4 protein chains.
Amino acid sequence: MTESEQQAEKSKRLPRAVREKQILDAAVTVFARHGYHPASMDEVSEVAGVSKPMIYSYLGSKEDLFLQCIRREANRLIEAVRTGIDVDVAADMQLWTGLRAFYGFVAEHRASWTVLHQQALAVGEKFAAEVTALRSHAIEMVTKLVVSEGSRKGLGEQAEFSGEGLSAALVGAAEALADWWLDHPDLSPGVLASWLMNLTWLGFNDLVQGQVWRPS
Amino acid sequence: MTESEQQAEKSKRLPRAVREKQILDAAVTVFARHGYHPASMDEVSEVAGVSKPMIYSYLGSKEDLFLQCIRREANRLIEAVRTGIDVDVAADMQLWTGLRAFYGFVAEHRASWTVLHQQALAVGEKFAAEVTALRSHAIEMVTKLVVSEGSRKGLGEQAEFSGEGLSAALVGAAEALADWWLDHPDLSPGVLASWLMNLTWLGFNDLVQGQVWRPS
Amino acid sequence: MTESEQQAEKSKRLPRAVREKQILDAAVTVFARHGYHPASMDEVSEVAGVSKPMIYSYLGSKEDLFLQCIRREANRLIEAVRTGIDVDVAADMQLWTGLRAFYGFVAEHRASWTVLHQQALAVGEKFAAEVTALRSHAIEMVTKLVVSEGSRKGLGEQAEFSGEGLSAALVGAAEALADWWLDHPDLSPGVLASWLMNLTWLGFNDLVQGQVWRPS
Amino acid sequence: MTESEQQAEKSKRLPRAVREKQILDAAVTVFARHGYHPASMDEVSEVAGVSKPMIYSYLGSKEDLFLQCIRREANRLIEAVRTGIDVDVAADMQLWTGLRAFYGFVAEHRASWTVLHQQALAVGEKFAAEVTALRSHAIEMVTKLVVSEGSRKGLGEQAEFSGEGLSAALVGAAEALADWWLDHPDLSPGVLASWLMNLTWLGFNDLVQGQVWRPS
DNA sequence: TATGAATGAGCTTTCATTCAT
DNA sequence: AATGAATGAAAGCTCATTCAT
């Protein structure tokens with residue numbers, strides 16, 4: 001939704017739930033545009049088409065507002081990825097579809113991703129904790145996939161590797177690639193997901209030997 | 001260097017270069033502690049043991065100051081990594097030693113890394129550009145390694161993969177793991193580097209088949 | 001009446017007079033609790049169990065509301081004191097019973113007294129005038145007593161003393177003692193009245209000579 | 001000092017102590033004029049001829065500022081009364097000279113008295129405590145006088161009277177008379193002190209019998 | 001060189017008050 | 001009759017920045 005459309009929606013005497021959505025939408029837009037600190041409540045109120053006292057009345061302080069932005073967007077992201085995963089297919093396919101869904105979300109919700117990834121971490125521990133929880137959630141999901149795949153192949157977990165550490169690196173790589181993508185558009189979510197699969201599932205070594213991973 | 005040591009250094013009539021170093025050290029400390037916007041020039045001047053007019057006289061505005069922090073720390077990081085790499089060994093070993101040097105730097109310069117990675121990206125395009133340049137530098141180095149390894153094995157670059165994209169993902173994974181590390185200390189730089197090597201050089205697939213990469 | 005009882009009374013479609021009483025009761029409570037300026041109309045409406053527009057519709061602005069609080073409580077106080085005085089007894093007994101009635105009112109209506117004495121004077125001339133009128137009323141009553149006692153003893157008013165001035169001091173002493181009482185409970189209205197009688201009717205000089213005034 | 005004189009003093013680059021005095025003077029003026037809550041820091045800064053950041057830098061928050069006003073004026077009042085008392089004369093004369101000094105102070109520092117007596121009590125417990133301490137100080141002084149006079153006449157303290165209670169009433173009467181005076185000028189401090197002496201030292205009873213207390 | 005003194009500008013937040021239903 | 005929704009206006013406070021010494 002563009003900002004002008006958001007403003008076009010403004011009218012008078014709307015029910016509280018609608019106003020809250022307007023305000024959160026505007027807040028995500030503005031926080032993504034300037035970052036938390038430089039963003040002014042004035043701009044949020046302007047973009048939302050709502051006076052400042054309404055914001056404070058409905059959503060609370062600037063911190064409260066930011067926190068609720070983060071939580072809403074985090075839940076949306078989780079939902080998008082979960083919906084994108086087919087739990088009945090092989091581990092690598094689950095990873096691939098999950099990644100594709102992730103990049104699909106980022107593509108459609110640039111502002112959400114910016115707020116979640118770039119801003120929330122920089123503002124303070126209180127907010128970073130929310131994002132850290134989100135990330136932990138993702139890491140956990142990936143860890144399960146890897147471990148289950150290992151078990152299927154008859155291998156116990158190798159003590160010298162932390163499944164969690166490897167998963168953290170994978171998730172981090174996925175996030176970093178999402179950021180990189182913001183500066184290099186014109187690639188589809190599927191392509192990005194593919195790269196990550198080849199890098200992490202096969203590894204450089206296999207790649208240079210001519211092997212390629214492809215969604216089956 | 002601790003903050004008290006920094007303050008202990010304050011005295012009068014010092015040469016300009018010394019003052020500038022004091023100020024930049026203090027600024028990095030303060031920017032890492034609070035982030036760019038909440039950091040106040042008052043606190044910088046206090047930590048540096050230098051009056052505010054001196055800061056403005058020597059290093060310019062708050063933005064200028066931050067920019068110079070970023071640049072100095074970026075150069076230090078580059079230097080540390082370059083020094084850590086032995087260009088005469090195999091590609092995988094170069095990657096490994098480079099990563100180890102990177103994590104070594106992060107371990108020793110927490111504040112520098114925080115400013116570079118968490119703050120600079122969130123403040124504005126002007127600063128993000130500096131970090132992006134730094135990252136591009138890293139990506140370029142990795143790309144060379146991968147491509148040369150591929151050539152050595154007689155393979156041309158495969159069209160469907162962007163060596164740059166893969167490298168971006170690897171670099172991103174390395175950065176993400178550095179962040180993750182901040183919350184999970186008690187691991188040596190070598191261990192982290194090892195994880196990344198196994199994840200990206202071998203890939204999950206090899207790992208679950210029992211293969212392990214080890215520095216030769 | 002406790003606050004919860006006040007709220008329990010809230011319901012719909014009550015006659016105007018009842019609503020106005022609810023509102024004034026709540027207002028006195030809230031103004032006594034926080035003082036005029038920090039008190040918010042929101043809190044008044046909440047305590048009264050009545051929406052803000054009703055308050056404005058029935059009793060006007062915040063100033064109007066406060067004014068009506070003051071007037072109602074002032075009239076209550078006057079009524080309580082007048083009822084407590086037996087006009088057929090001697091002057092000193094009238095004074096004593098009047099004082100006792102005054103302290104009885106203060107004991108039972110803490111909030112009223114706080115609003116009348118501490119808040120109304122501090123807010124502005126418009127409100128102070130109401131309290132000043134109340135006080136003048138009291139001074140006048142006391143003056144009559146003193147003058148009539150003087151006449152009974154065959155003495156004209158002595159030019160060098162203003163009966164009004166002396167009465168003002170007595171009334172002031174009575175008020176001050178009421179305030180002091182708020183911080184030193186556990187004394188009965190009769191005891192306080194007794195002190196004042198001994199101080200002002202007899203005077204320190206008589207007291208130190210062993211004389212004591214007692215209600216006859 | 002008039003407000004215009006205060007402003008006339010404004011100039012640039014003054015030492016901190018001078019600025020602090022300017023600001024406190026202005027604050028007392030403004031707090032007396034409007035009361036604590038309606039008084040704005042903008043007006044204080046305007047009257048002081050100093051920008052708001054200086055006020056916050058030197059004196060702290062609005063509450064801090066108010067507190068320091070109260071404390072400064074309380075100390076001034078105490079000093080004025082102490083200086084006015086000759087401790088080598090009889091008890092009644094000490095009381096009289098003390099009262100005269102008190103009214104002299106009030107006459108010369110109207111704003112100080114208004115802030116101390118009308119505003120500080122109404123704003124909140126934190127401030128009222130300061131004034132209560134001041135009043136306790138006065139009560140204590142009076143109590144000593146009365147008790148010493150009783151001892152001199154060979155009488156022990158009478159159990160049924162609290163010397164403190166009587167003194168509180170006297171002090172309250174003195175304060176009340178000061179307030180009353182603000183609305184009835186054209187009387188000298190000596191006259192007011194005289195009234196109080198006759199009321200409390202002799203008492204109504206003696207007065208109506210034709211006795212009069214006069215400074216010896 | 002070095003700094004205490006000083007401020008313009010802007011931010012978050014709150015409140016008395018009213019409209020539209 | 002009664003109220004949830006809405007806001008203009010203003011207050012307290014802070015900060016990057018500079019001047020005068």
Side-chain angles (χ1 to χ4, degrees), chain A residues 10-20 37-45 49-58 60-65, chain B residues 10-16 19 37-45 49-58 60-66, chain C residues 10-16 19 37-45 49-58 60-66, chain D residues 10-20 37-45 49-58 60-65:
Chain A
K10 104 174 154 187
S11 71
K12 297 195 171 177
R13 219 63 31 169
L14 293 180
R16 174 166 182 150
V18 175
R19 285 289 191 222
E20 287 190 351
H37 282 290
S40 78
M41 296 299 269
D42 269 311
E43 186 170 352
V44 173
S45 96
V50 160
S51 69
K52 270 189 297 179
M54 294 262 54
I55 301 179
Y56 282 90
S57 168
Y58 285 170
S61 71
K62 190 182 184 183
E63 282 203 351
D64 293 338
L65 180 60
Chain B
K10 95 176 157 188
S11 69
K12 299 199 171 179
R13 305 278 151 176
L14 293 180
R16 172 160 186 154
R19 284 280 193 229
H37 273 103
S40 76
M41 296 298 270
D42 271 309
E43 186 171 353
V44 173
S45 97
V50 162
S51 71
K52 276 190 294 180
M54 296 271 2
I55 299 179
Y56 281 89
S57 164
Y58 281 172
S61 70
K62 190 182 184 184
E63 283 202 350
D64 293 338
L65 178 60
F66 191 54
Chain C
K10 97 176 157 186
S11 71
K12 299 199 170 180
R13 305 279 153 176
L14 293 180
R16 173 160 184 155
R19 284 279 193 231
H37 272 102
S40 76
M41 296 298 272
D42 270 311
E43 186 173 351
V44 173
S45 97
V50 161
S51 71
K52 274 190 295 178
M54 296 266 13
I55 299 179
Y56 281 89
S57 163
Y58 282 171
S61 72
K62 190 183 185 184
E63 284 203 348
D64 294 338
L65 178 60
F66 190 54
Chain D
K10 102 176 155 186
S11 71
K12 299 195 172 179
R13 220 62 34 169
L14 294 179
R16 175 166 182 153
V18 175
R19 285 289 191 223
E20 288 190 351
H37 282 289
S40 78
M41 297 298 270
D42 270 311
E43 185 171 353
V44 173
S45 96
V50 160
S51 69
K52 268 189 299 179
M54 293 260 57
I55 300 180
Y56 282 90
S57 167
Y58 284 171
S61 70
K62 190 182 184 184
E63 283 203 349
D64 293 338
L65 179 61

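Every chain is numbered from 1 and lettered A, B, ... according to where its sequence line falls, protein lines coming before strand lines. Computed from a prediction, not measured in an experiment: that's the story for all the values here.
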Given atom CD of B:E43 and atom C1' of F:dA16, what is their separation to the nearest angstrom?
15 Å
For atom CG of A:L65 and atom P of E:dT12, their distance in whole Å:
11 Å
C:I55 CD1 to F:dA1 C1': how many Å, rounded?
15 Å
Please state how far atom CZ in C:F66 lies from atom P in E:dA16, giving the value in whole angstrom units.
13 Å
Spacing of A:M54 atom CE relative to E:dT14 atom P, expressed in whole Å:
14 Å
Can you see which heavy atom on A:R19 is nearest to which on A:G49, and at what distance?
NH1-O, 4.4 Å
Rounded to the Å, how far apart are D:E20 CD and E:dA6 P?
11 Å
Identify each atom pair where a protein N or O and an N or O of nucleotides 8-11 of chain E are less than 3.5 Å apart, giving names and distance.
none

Does B:R19 place a side-chain N or O at less than 4.0 Å from the phosphate oxygens OP1/OP2 of E:dA2?
yes
Which residues pass the salt bridge (Lys or Arg N to Asp or Glu O under 4.0 Å) test with D:D42, sequence neighbours left out?
D:K52
Got a minute to check which stems DNA chain F is part of, using Watson-Crick or G-U wobble pairs under 3.5 Å, three or more consecutive?
E:2-21 with F:2-21
Under 4.0 Å between any heavy atoms, over every strand shown, what does C:S57 touch: base, sugar-phosphate, or nothing? Just pick one.
nothing
Taking for each residue the nucleotide of DNA chain F with the nearest heavy atom, is it A:Y58 or D:G60 whose nucleotide lies nearer the 5' end?
A:Y58
Provide, to the nearest angstrom, the distance between the CG atom belonging to A:L14 and the C1' atom belonging to F:dT7.
15 Å
Of all heavy-atom pairs between C:S51 and C:S45, which one has the smallest distance, and what is that distance?
C-CB, 4.2 Å
Looking only at heavy atoms, which two atoms of B:S57 and B:R16 are closest? And how far apart?
O-NH2, 4.1 Å
Base, sugar-phosphate, or nothing for C:R16, non-hydrogen atoms under 4.0 angstrom?
nothing
Is any side-chain N or O of C:Y56 closer than 4.0 Å to OP1 or OP2 of E:dT17?
yes
